[in-house]
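A short write-up of the structure that comes next.
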Amino acid sequence: MRPKYFAPKGTEDILPSVSHEWRFVESQWRAVCERYGYREIRTPIYEETELFRRGVGTETDIVSKEMFTFRDRGERDLALKPEGTAPVVRAYIEHGLYAQSPLQRLYYITPFFRDEDVQKGRYRQAHQMGAEIIGSAEPYADAELLSMLVYFFRTLGIPEDWFELHLNTMGCAECRPAYREAVQQFGRDHFDQLCETCQHRLEHNPLRILDCKVPTCRAITENAPRIDPFLCEPCRTHFERLQAILKALEVAYVRDYRLVRGLDYYTRTTFEVLAKGLGAQNALCGGGRYDGLVEQLGGNPTPALGVGIGLERTLMVLREVGAPLPEAPHPDLFIVAFGDSARLPALQLAESLRHAGFATDLDITGRSPKAQMRLANDSRATYALLLGEDELANQTVSVRNLQTREQETVAQSELTEWLNTRLPRS
RNA sequence: GCGACCGUAGCUCAGUCGGUUAGAGCGCCUGACUGUGGCUCAGGAGGUCGUGGGUUCAAGUCCCAUCGGUCGCCCCA
């Protein structure tokens with residue numbers, strides 16, 4: 001078989017051999033979020049392009065060059081979602097969730113799309129686990145979210161020294177402009193020593209020179225002005241309280257003055273969790289406060305914050321650290337038919353056992369008894385149920401424990417109960 | 001957008017200075033006294049060597065192009 005079609009660049013098939021690992025991570029995320037009082041929200045895979053232009057920012061790379069956009073027959077401009085927050089905020093406003101409760105904790109698991117070059121940990125269709133807290137300006141909200149993140153990675157089995165929470169504050173509309181200007185001025189003073197992209201950044205997004213990865217830029221910006229003296233009183237207080245609460249909650253973090261996130265909507269708190277073993281794309285998750293976004297998208301001024309976690313990257317780290325991932329699911333039972341006369345009764349038995357709640361497999365390709373036994377063995381079922389002329393005549397079934405090789409005869413009328421005492425129902 | 005490396009069975013790979021019917025391991029299928037798996041043994045299926053062109057008596061091997069993959073720059077999940 002020579003394939004004629006291939007999955008598009010930057011996308012991948014999640015095959016049965018690994019899909020249970022995805023489900024494991026997803027179910028852990030759901031469990032943790034629900035334990036913290038979050039409820040799931042699902043939004044469309046595409047939105048009006050304008051939502052992302054407004055929400056994420058025209059100047060960002062995501063919007064300026066990485067969106068998959070298209071037009072429907074009504075000439076509407078649409079875009080596959082390049083991130084998860086803007087759609088959630090749109091839904092929050094559209095459905096008046098604020099009227100149900102002033103505080104909304106929402107979580108989601110979604111694919112997202114960016115038309116960019118592919119490399120390790122960076123795809124065109126990727127998957128994100130996210131959480132948003134809408135309606136609290138208190139640093140308790142920031143702290144709770146960060147604590148949940150650390151808890152999540154810990155419950156997945158990632159050792160503490162494999163990930164690091166980086167924390168910063170970016171101020172707000174009141175105080176950031178002055179800081180921005182100071183950094184811009186600093187950049188101009190060292191213009192000749194900056195890399196080409198940083199020289200360009202200086203004009204429209206000067207704060208980004210702080211997280212440039214070019215060594216020479218890093219050396220220079222080491223001495224760049226730091227935000228703390230520029231923070232307005234409310235921002236300074238917010239950040240100080242947050243740090244005190246994190247300390248009380250014993251959430252370890254690193255103050256990272258370079259942490260300037262690429263999306264326009266962030267205010268005050270920003271953070272990332274960085275992981276070892278991910279290569280150049282070492283951010284496991286990123287997020288922060290976006291107190292202006294709800295208003296920006298047409299709602300009433302509402303404080304909010306959120307996080308997006310890369311599902312692929314999380315899985316990479318789990319594999320890297322050898323964290324315990326669940327085994328592939330396997331059937332409880334495998335039915336072997338000896339002789340063609342047993343094939344239909346075997347299928348009938350399989351159906352009744354399945355409907356009774358047992359994961360039951362059997363051959364449906366007409367293979368020999370020996371081949372069926374091999375399949376039973378490979379299936380990793382706990383028991384093989386053997387059905388041949390003898391059993392059919394006596395209304396019994398031979399039950400063979402595939403590990404101990406013990407075999408006994410059980411009346412078909414008592415089979416379900418026999419199994420119930422030895423197998424957990426699925 | 002730029003750069004580097006890589007494309008040979010389902011998977012991991014070998015294939016000499018270009019030279020006959022392109023190999024191995026794993027996996028898959030069948031069988032080893034008629035109703036019993038893992039181990040072993042025997043046999044089998046599966047490849048237009050990514051694709052197109054060129055050089056040559058001869059190309060998996062050399063050259064060019066193209067497509068795909070991987071990693072990096074940039075940016076981010």
Side-chain angles (χ1 to χ4, degrees), chain A residues 1-12 15 17 56 59-66 81-85 109-130 195-198 200-201 205 208 211-215 217 259-263 272-275 278-287 306-317 334 336-342 363 365 367-381 383-392 398-407:
Chain A
M1 267 189 272
R2 173 180 214 78
K4 189 175 175 188
Y5 302 105
F6 300 85
K9 189 180 185 67
T11 71
E12 66 177 348
L15 299 174
S17 55
V56 182
E59 284 298 309
T60 61
D61 284 356
I62 293 178
V63 169
S64 64
K65 53 188 185 193
E66 295 173 357
K81 63 166 101 163
E83 58 99 48
T85 297
I109 300 172
T110 183
F112 66 96
F113 305 85
R114 292 183 195 172
D115 186 1
E116 58 187 339
D117 263 3
V118 172
Q119 61 186 281
K120 188 181 181 67
R122 198 176 78 181
Y123 312 99
R124 291 186 176 176
Q125 172 174 348
H127 301 264
Q128 193 171 62
M129 300 171 285
C195 71
E196 207 171 308
T197 40
C198 278
H200 182 61
R201 279 173 181 146
N205 205 348
R208 295 213 64 82
D211 69 353
C212 181
K213 293 190 178 72
V214 176
C217 289
L259 183 48
V260 178
R261 302 203 44 86
L263 283 55
E272 279 181 356
V273 173
L274 304 181
L278 284 184
Q281 315 301 320
N282 66 343
L284 254 188
C285 74
V307 63
I309 307 173
L311 191 30
E312 286 81 356
R313 293 181 186 185
T314 301
L315 275 165
M316 276 191 236
V317 173
F334 194 103
V336 174
F338 286 105
D340 286 340
S341 61
D363 171 59
T365 65
R367 299 221 251 188
S368 69
K370 185 186 283 284
Q372 292 182 54
M373 284 303 294
R374 264 199 292 270
L375 289 179
N377 188 57
D378 294 345
S379 78
R380 299 175 54 240
Y383 295 106
L385 306 187
L386 314 182
L387 210 54
E389 281 176 23
D390 295 350
E391 288 84 355
L392 288 175
S398 295
V399 183
R400 184 177 178 83
N401 184 312
L402 285 167
Q403 289 213 307
T404 64
R405 318 192 73 162
E406 287 171 315
Q407 188 168 324

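For clarity, every value in this text was computed on a predicted model and none was experimentally measured. Every chain is numbered from 1, with letters handed out A, B, ... down the list of sequences.
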Summarise how protein sits on nucleotides 30-39 of chain B as a single string, 5' to 3': B when a protein heavy atom is under 4.0 Å from the base, S for sugar-phosphate-only contact, - for no contact. SS---BBBB-

Summarise protein proximity over nucleotides 40-45 of chain B in one line of letters, 5' to 3': B for base, S for sugar-phosphate only, - for none, counting protein heavy atoms closer than 4.0 Å. ------

Using side-chain contact (heavy atoms from CB on, under 4.5 Å) as the criterion, list what pairs up with A:Phe113, not counting sequence neighbours. A:Ile45, A:Phe68, A:Leu80, A:Pro111, A:Gln125

side-chain contact (heavy atoms from CB on, under 4.5 Å) against A:Glu12, all qualifying residues, sequence neighbours excluded: A:Trp22, A:Glu312

Using a cut-off of 4.0 Å on non-hydrogen atoms, how would the nucleic acid contact of A:Gln372 be classed: base, sugar-phosphate, or nothing? nothing

Please work out if A:Tyr123 contacts a base, only the sugar-phosphate, or nothing of the nucleic acid, heavy-atom cut-off 4.0 Å. base

Side chain to side chain donor-acceptor pair (under 3.5 Å) involving [X] - partner list, sequence neighbours excluded:
{"X": "A:Gln407", "value": "A:Arg400"}
{"X": "A:Thr365", "value": "A:Asp363"}
{"X": "A:Gln128", "value": "none"}
{"X": "A:Glu406", "value": "A:Thr404"}

Report the distance from atom [atom1] of [X] to atom [atom2] of [Y], rounding to the nearest 0.5 Å.
{"X": "A:Leu284", "Y": "A:Ile309", "atom1": "CG", "atom2": "CD1", "value": "8.0 Å"}
{"X": "A:Lys9", "Y": "A:Asp117", "atom1": "NZ", "atom2": "CG", "value": "6.5 Å"}
{"X": "A:Phe112", "Y": "A:Arg124", "atom1": "CZ", "atom2": "CZ", "value": "13.5 Å"}

Given the rule in the side chain to side chain contact (heavy atoms under 4.5 Å, CB included) test, do A:His127 and A:Ile109 qualify, once you have shown the distances and angles that lead to the verdict? CA-CA 7 Å; A:His127 301 264; A:Ile109 300 172; 5.7 Å; no

Hey, is the side chain of A:Gln119 poking within less than 4.0 Å of OP1 or OP2 on B:C71, counting only N and O atoms? no

Reckon A:Lys9 has a side-chain N or O less than 4.0 Å from the OP1 or OP2 of B:G69? yes

Would you kindly compare A:Lys65 and A:Ile309 by the position of their nearest RNA chain B nucleotide and give the one closer to the 5′ end? A:Lys65

Let me spell it out: for each of A:His127 and A:Ala7, pick the nucleotide of RNA chain B with the closest heavy atom. Which residue's pick is nearer the 5' end? A:Ala7

If we take the [atom1] atom in both [N] and [M], what is their distance in whole Å?
{"N": "B:U8", "M": "B:U61", "atom1": "C1'", "value": "11 Å"}
{"N": "B:A32", "M": "B:A59", "atom1": "C1'", "value": "44 Å"}
{"N": "B:G15", "M": "B:G19", "atom1": "C1'", "value": "14 Å"}
{"N": "B:U12", "M": "B:A58", "atom1": "C1'", "value": "31 Å"}

Defining pairs by Watson-Crick or G-U wobble geometry with both distances under 3.5 Å, how would you list the stems of RNA chain B with at least three pairs each? B:1-7 with B:67-73, B:10-13 with B:23-26, B:28-32 with B:40-44, B:50-54 with B:62-66

Do the side chain of A:Arg114 and the main chain of A:Ile62 share a donor and acceptor less than 3.5 angstrom apart? no

A:Phe334 meets the ring-ring contact (aromatic ring centres under 6.0 Å, His included) criterion, sequence neighbours left out, with none

Does the B:A77 base have a donor-acceptor partner in the side chain of A:Glu116 within less than 3.5 Å? yes

List every contact pair, protein side and nucleotides 1-3 of chain B side both N or O, where the distance is under 3.5 Å.
| unit_1 | atom_1 | unit_2 | atom_2 | d |
| --- | --- | --- | --- | --- |
| B:G1 | O6 | A:Asp117 | OD2 | 3.2 |
| B:C2 | N4 | A:Asp117 | OD2 | 2.8 |

In A:Leu387, A:Leu385, A:Leu386, the residue satisfying side-chain contact (heavy atoms from CB on, under 4.5 Å) with A:Val336 is A:Leu386

Just distance, no hydrogens or angles: give the donor-acceptor pairs under 3.5 Å from side chains in residues 371-378 of chain A, sequence neighbours left out.
| unit_1 | atom_1 | unit_2 | atom_2 | d |
| --- | --- | --- | --- | --- |
| A:Gln372 | OE1 | A:Ala337 | N | 2.8 |
| A:Gln372 | NE2 | A:Ala337 | O | 3.0 |
| A:Gln372 | NE2 | A:Arg367 | O | 2.9 |

For A:Phe6 and B:G10, give me the distance from atom CZ to atom P, rounded to whole Å. 12 Å

